[in-house]
Asker: 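Before I ask anything, here is the structure I am working with.
By convention in this document, chain letters (A, B, ...) are assigned in the order of the sequence lines, proteins followed by strands, and residues within each chain are numbered from 1. Here the structure is a predicted model, which is why all the values come from computation and not from measurement.
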2 protein chains.
Amino acid sequence: MDDMGWGDLGVYGEPSRETPNLDRMAAEGMLFPNFYSANPLCSPSRAALLTGRLPIRNGFYTTNAHARNAYTPQEIVGGIPDSEQLLPELLKKAGYVSKIVGKWHLGHRPQFHPLKHGFDEWFGSPNCHFGPYDNKARPNIPVYRDWEMVGRYYEEFPINLKTGEANLTQIYLQEALDFIKRQARRHPFFLYWAVDATHAPVYASKPFLGTSQRGRYGDAIREIDDSVGKMLELLHDLHVADNTFVFFTSDNGAALISAPEQAGSNGPFLCGKQTTFEGGMREPALAWWPGHIAAGQVSHQLGSIMDLFTTSLALAGLTPPRDRAIDGLNLLPALLQGRLMDRPIFYYRGDTLMAATLGQHKAHFWTWTNSWENFRQGVDFCPGQNVSGVTTHSLEDHTKLPLIFHLGRDPGERFPLSFASVEYQEALSRITSVVQQHQEVLVPGQPQLNVCNWAVMNWAPPGCEKLGKCLTPPESIPKKCLWSH
Amino acid sequence: MDDMGWGDLGVYGEPSRETPNLDRMAAEGMLFPNFYSANPLCSPSRAALLTGRLPIRNGFYTTNAHARNAYTPQEIVGGIPDSEQLLPELLKKAGYVSKIVGKWHLGHRPQFHPLKHGFDEWFGSPNCHFGPYDNKARPNIPVYRDWEMVGRYYEEFPINLKTGEANLTQIYLQEALDFIKRQARRHPFFLYWAVDATHAPVYASKPFLGTSQRGRYGDAIREIDDSVGKMLELLHDLHVADNTFVFFTSDNGAALISAPEQAGSNGPFLCGKQTTFEGGMREPALAWWPGHIAAGQVSHQLGSIMDLFTTSLALAGLTPPRDRAIDGLNLLPALLQGRLMDRPIFYYRGDTLMAATLGQHKAHFWTWTNSWENFRQGVDFCPGQNVSGVTTHSLEDHTKLPLIFHLGRDPGERFPLSFASVEYQEALSRITSVVQQHQEVLVPGQPQLNVCNWAVMNWAPPGCEKLGKCLTPPESIPKKCLWSH
């Protein structure tokens, strides 16, 4: 899911309790309270999901500035490199047919097209549903069916910013149901349902608008919850539920800059999207596979969105590529035997390892939320929260003496351990050793998010000529992308 | 429960998920996400539970200073007035036998003894388990069995402050099980299980110590969870489960001043104990009555701890006293038919109506957490949280223009509605009308928490002579109690 927070589901304590289908999915399967995205921002997190590799390896980061988040706006030049092997590419070897529904976000130029990277079908868009644009300074975002665009947001695919009405989730649901129906009895299939109704500007279709106690954001969640219920029901109806592994998670924490109208909840955790505090990267995560994953379980395995890559390969009888570092674990021992595996969680912001968690201890090597300049302009990633010396507005270097928190006693990262304590010393020693191992062998990928160019925007996507919707790009002027967060 | 927060149970989103028995109780019954204590502090909240009346009516408040919390330390002179009718007194008319296990906190002088106010049995103590004291400046708190003390905390009933070990919860569990076994087939019974292991200094018995991911506070929760499981199991074993209404809740929010080692979690809510923000008064609340309350329900009824008074009377076929104002609602329509009843929640701090909630809107008439002086001394009721103009350290008067929050969209009270919005105007108008009705007929009770006197402490409780544990009280010097929060 897109910008959905840890605290957004009833089963994770959301007070309005408006996700009966997802709560049931949890009750019938396994819930992970300690599951992480690979980045506090959308594009890098999604690239990590599909490659099983940290953004620092797969190139979804920037070196334009230290510790800055970057993503794939329309003017980005880069995208997913051909050298990366994506999950659907690999699953082909086991006969899988793959579809992505919704937001791709791994680059929108032709060479980055999802059907060039292993997917067999696509319905959705390459970028966020920002807009509307005037198609002069900036084109509206295209919506694709497979190889070609079939329209643009705010044109053929309307989103009413005033009322919040858009029927996109319904379209995405139908795409998913149709694909499942077509594939379920023919080929093994991989469906990547990447809907974006919970990303600002949030939207919902008419039957859901105004139905939530939580406002428009809640309406979007309710529609997604309803859709997941319908997909699981279809799997039952088709008698393939016991043969289909379903996982629900999100790309980063709730975008508190858009709160309260357009953002979700990170529950008891600190800050949100864009930050490497828990609110930025700890995610709701539910696994469902009737007859295989026992009902009603909670796993305290430290999990990562990158594990879905390795786990999916394992389910297909495949092994991950051996010629590169893979960060994802095979979670099947956790899912099927309730085992716990030791592993670190690394929290990167752009090119910088900001923090690492091992067991219950999290060490912050660098802290900041955003710059004073941004903050004074009203950009607040931690509204209502302020932990002195932790939620800083200058980039603070703690590499010599990291701030360490015990996430069990202090999930909100409010009380750093005393530097003098035995607990601090022991935790530091264990985490330092794991971080050194990680850094010694790390080969950063070619950074993809450094160069921007207005000429590469979605002026004339494939298929535009059939629709008479080709626009003329401006002069090509490559320049460094400006990443301020 | 004592100082347990909304976010402390797995079913309310606590990440460690260490309350399987309470989570099961919720799954088998009804969960209330919008349930409130009657005060952000223990004594007034408990007095309200047992009288069905706000502390401002039953006398559990102070007029020594404006908007100050007060309770019943050893030196308090007041307690529950004879004029108040307590739940066990009333239940007697329907043949109920009543027992209190644990903390009474409604006054420790002889006239306030629980057996003088309707309880038939008591095992526990009149005050918090603070200590140890030297029995010179201040006596240790006595533990009573029925009319007489049987020892004192830190003497016959040890609490190891260093290790956190105490077997009190086990004793309290056994008392509860024995009472249930004795009464279940003879008389209808009311058991008030008021354990205090989660109040700082938190404690647990040896088998639970060190078992929680959350530290010592979590050990205490785990032992309580285990105990609740054993009680529900006994009800099943005795075949009285379908004839026994069980309700689980807490007296106020988690005491964040004691975080992280000795305090719980208020989930996504603002601040904690001592405050009238949601973290101070919104509580976990579970109702269980197999065969009557359908399993797996969530009720969005605005509930209050005072409702347990009225609801319990209704279950016994009784009606509340008609000669006084009763604030508790009969929740049976919510519990049995899923109905929702309109009602306000009033948030008092001492003599002052600080805030009121109606539907989803909460209006703050006064805000503060604590004084600058206290705050600078390190007393922080909102660690890591800071909402500008809301979590103030001076007592701010908003009665002319209340701060209003929408608790569905903004459960964390971070984004006050714009004064100019239609939503603000409409909510204000509705809340103002309800508050005026409330205040027009309000007759404050005689304040019980104004006078303190070292001579009234637990020097020579009844039964002390048999144990050779009577101490000599100092000279009687009544003085105004000092309430700084």
Asker: Looking at every heavy atom in both R414(A) and P383(B), which two are closest together, and how far apart are they?
Answerer: CD-O, 3.1 Å
Asker: State, to 0.1 Å, how close P268(A) and P15(B) come at their nearest heavy-atom pair, and which atoms those are.
Answerer: CG-CG, 4.4 Å
Asker: Checking Q360(A) against chain B: side chain, backbone, both or neither under 4.5 Å from a heavy atom?
Answerer: side chain
Asker: Let me confirm one number: the CZ-NE2 distance from R214(A) to H406(B), rounded to the nearest 0.5 Å.
Answerer: 11.5 Å
Asker: Hey, could you give me the CZ/CZ distance between F32(A) and R17(B), rounded to the nearest 0.5 Å?
Answerer: 12.5 Å
Asker: Could you list the residues that satisfy salt bridge (Lys or Arg N to Asp or Glu O under 4.0 Å) with E426(B), not counting sequence neighbours?
Answerer: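 Not a single residue meets the salt bridge (Lys or Arg N to Asp or Glu O under 4.0 Å) criterion with E426(B).
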Asker: Provide the closest heavy-atom pair for D410(B) versus P260(A) in the form atom of the first, atom of the second, distance.
Answerer: CB-CB, 4.1 Å
Asker: Which heavy atom in R409(B) sits nearest to a heavy atom in G215(A), and how many Å separate them?
Answerer: CG-N, 3.8 Å
Asker: Under 4.5 Å from any heavy atom of chain B, what part of L407(A) do you find: side chain, backbone, both or neither?
Answerer: neither
Asker: Quick one: which residue pairs count as a ring-ring contact (aromatic ring centres under 6.0 Å, His included) with a foot in residues 254-280 of chain A, not counting sequence neighbours?
Answerer: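 Every ring-ring contact (aromatic ring centres under 6.0 Å, His included) pair that includes a residue of residues 254-280 of chain A, provided the two are not neighbours, is W6(A)-F269(A), F277(A)-H364(A).
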Asker: Please state whether the side chain, the backbone, both or neither of A263(A) comes within less than 4.5 Å of a heavy atom of chain B.
Answerer: neither
Asker: With only heavy atoms counted, which part of R216(A) is less than 4.5 Å from chain B, the side chain, the backbone, both or neither?
Answerer: neither
